[in-house]
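In what follows, every heavy atom counts, from backbone to side chain, and hydrogens, waters and symmetry copies are set aside.
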Amino acid sequence: MKKNILILSLVAIELLVVSFILFKKVPITVIKNELAEQPVGEITQDIKISQTVRHSKFNFDTMEIKFATYNRENSTNIHMVLYMNNKKMKETLLDSSKINDNEFYTFNLPNILLNENDVMRIDLYSDDATPGDALTLWTSNGDALDGELSKNGEVMNGDLNVKFGREGYKFEQLVYMLNRLPVSIFISIPLIVILIVSLNLLIIQLVRKVKLLGS
C-alpha cells in the first residue's frame, strides 16, 4: 500500500513539474534586432527617425528601444509615436534625463496584433533637443528586420535596435525559438506531438496505478 502511494505521489509530482515548465508565464520576445552597431546621430528638433516593421503575424504588448545619451545627462524631451497602418496606437513623451546610456527603454503598449499585410511604423523626434543636449538611437549596419529605417524620410542602411514582446507560456517560447531555425517545421511539430504524447502517457500511468490500488 505504501509503495503504491509513493508511486502515485511520484507520478503526480512529475505531472506538476511538467505542467509548471510548459505553462509557466514568462516574457517572450517575438521579434528583435539586438545589433547595436552604429548610432543615427543626435535627434535634434530638425530630425525625425522612422522605422517600419512588417511580419507574417505576431502580437505584442511591450516594445524596447535602445537609446544612447553620449554619456551625458540630457534635459530635453523625445516623442515616440507608434502607428499601425497609419493609425496612431501609442504616443509617449520621454524625459531624456530619465534615459540610461546604451540601455533599452521599455514602452508598455495595448495588445497589438500585426498581420501579414499590416505595416507598423515607429516615429521618434524631439521638439526641443539641440546639439549637445539630445539623445540618439542604436541601429544595425545592415537589414535585420522586415522594414525600413529612415531619417527625415530618407531611407538609411540598417534597422532600429528594437525588441517586441509579450507575456506567454514557456512552451510558446520554445516553439518560437524553434520556428526561427531553417528546419523549424520539422522540429516544432514533432516536439509538440512528443510533449502531448508524454503527458497522455503520464496520465494513463496515473489512472492504472489508481485502478491497481482500488482492486
Whether the [X] and [Y] side chains hold a donor-acceptor pair (N or O, under 3.5 Å, no angle test) is what I'd like checked.
X: Ser126; Y: Asp128; result: yes
X: Arg121; Y: Asn85; result: no
X: Asp123; Y: His79; result: no

Kindly compute the distance separating [atom1] ([X]) from [atom2] ([Y]), expressed to the nearest 0.5 Å.
X: Ile65; Y: Phe107; atom1: CD1; atom2: CZ; answer: 4.5 Å
X: Thr52; Y: Leu149; atom1: OG1; atom2: CG; answer: 8.5 Å
X: Asp118; Y: Lys87; atom1: CG; atom2: NZ; answer: 11.5 Å
X: Gln51; Y: Glu148; atom1: CD; atom2: CD; answer: 9.0 Å
X: Asn152; Y: Ile49; atom1: CG; atom2: CD1; answer: 7.0 Å
X: Thr136; Y: Ile99; atom1: OG1; atom2: CD1; answer: 12.5 Å

Hey, does the side chain of [X] reach the backbone of [Y] with a donor-acceptor pair shorter than 3.5 angstrom?
X: Gln38; Y: Thr139; result: no
X: Ser97; Y: Ser75; result: no
X: Thr69; Y: Leu135; result: no
X: Asn74; Y: Ala134; result: yes
X: Asn161; Y: Asn33; result: yes
X: Thr62; Y: Gly165; result: yes

Restricting to pairs with a member in residues 89-99, which pass salt bridge (Lys or Arg N to Asp or Glu O under 4.0 Å), not counting sequence neighbours?
->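 Passing the test, one end in residues 89-99: Lys88-Glu91.
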Output every pair passing salt bridge (Lys or Arg N to Asp or Glu O under 4.0 Å) with a member in residues 65-79, not counting sequence neighbours, ordered by first then second residue.
->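 Listed by first then second residue: Glu42-Arg72.
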Mind listing the closest non-hydrogen atom pair of Ile47 and Ile43 along with its distance?
->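 Heavy-atom minimum between the residues: O-CG2, 3.9 Å.
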With under 30° as parallel and over 60° as perpendicular, where do the rings of Tyr105 and Phe67 fit, or are they tilted in between?
->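 Rings of Tyr105 and Phe67: perpendicular, over 60°.
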